[in-house]
Amino acid sequence: MTTLLAVDLGAESGRVVWGRFGDDRLRLSEVARFPTGMSRIRGHLRWDLNRILGDLGTALRRAGGEGP
């Protein structure tokens, strides 16, 4: 069985998903989902990269704890 970890960052949300492929089947299991929506920073709408990277780091640590 092949196991991969995928990260999907969209305009409104991000997620981390385990993908397992074997026996001609693909199984997906979501590890975490978090918002990536824009925030007002110094008067401008921007993605808060520090928050997104923090949430992504938390999700990756959780994935590491679950293991493949």
Side-chain angles (χ1 to χ4, degrees):
M1 181 171 285
T2 300
T3 304
L4 301 169
L5 187 67
V7 175
D8 171 28
L9 294 176
E12 292 296 322
S13 68
R15 65 184 177 150
V16 174
V17 178
W18 279 116
R20 294 174 178 93
F21 183 75
D23 301 324
D24 293 328
R25 296 187 71 198
L26 175 63
R27 294 173 184 90
L28 300 176
S29 57
E30 188 174 282
V31 174
R33 184 178 292 262
F34 50 90
T36 60
M38 300 185 97
S39 301
R40 189 161 296 279
I41 301 173
R42 287 178 278 190
H44 299 280
L45 284 175
R46 301 175 190 233
W47 281 285
D48 185 345
L49 190 56
N50 289 328
R51 180 180 49 81
I52 293 169
L53 290 176
D55 290 342
L56 179 57
T58 299
L60 292 174
R61 282 189 293 280
R62 184 180 305 161
E66 290 180 8

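Given the structure is predicted, the values throughout are model-derived calculations rather than measurements. Nothing fancy with the numbering, it's 1 onward along the sequence.
A distance of 5.5 Å separates CZ of Phe34 from CG of Leu9, quoted to the nearest 0.5 Å. For the atom pair CG of Asp8 and CZ of Arg33, the computed distance is 8.0 Å after rounding to the nearest 0.5 Å. Distance check, rounded to the nearest 0.5 Å: CG of Leu5 to CG of Leu60 gives 6.0 Å. Rounding to the nearest 0.5 angstrom, the gap separating the CZ atom in Arg40 from the CZ atom in Arg46 is 10.5 Å.
Looking at Thr58, its side chain does come within 3.5 Å of a backbone N or O of Gly54 through a donor-acceptor pair.
Residues that satisfy the side chain to side chain donor-acceptor pair (under 3.5 Å) test with Arg27, not counting sequence neighbours, are absent from this structure. Applying the side-chain contact (heavy atoms from CB on, under 4.5 Å) criterion to Ala32, with sequence neighbours excluded, gives Ala59, Arg62. Asp48 is linked by a side-chain contact (heavy atoms from CB on, under 4.5 Å) to Ser39, Ile41, Asn50, Arg51, counting only residues two or more places apart in sequence or in another chain. Taking the side chain to side chain donor-acceptor pair (under 3.5 Å) definition, one finds that Thr2 meets it with nothing, sequence neighbours left out.
In this structure, Leu26 belongs to a hydrophobic cluster whose other members, linked by side-chain heavy atoms under 4.5 Å apart, are Val17, Phe21, Leu28. Other residues sharing a hydrophobic cluster with Leu4 under the 4.5 Å side-chain heavy-atom criterion for ILVMFWY residues do not exist; the residue is a singleton.
Here the shortest heavy-atom pairing between Val16 and Ala63 reads CG1-CB, 4.4 Å.
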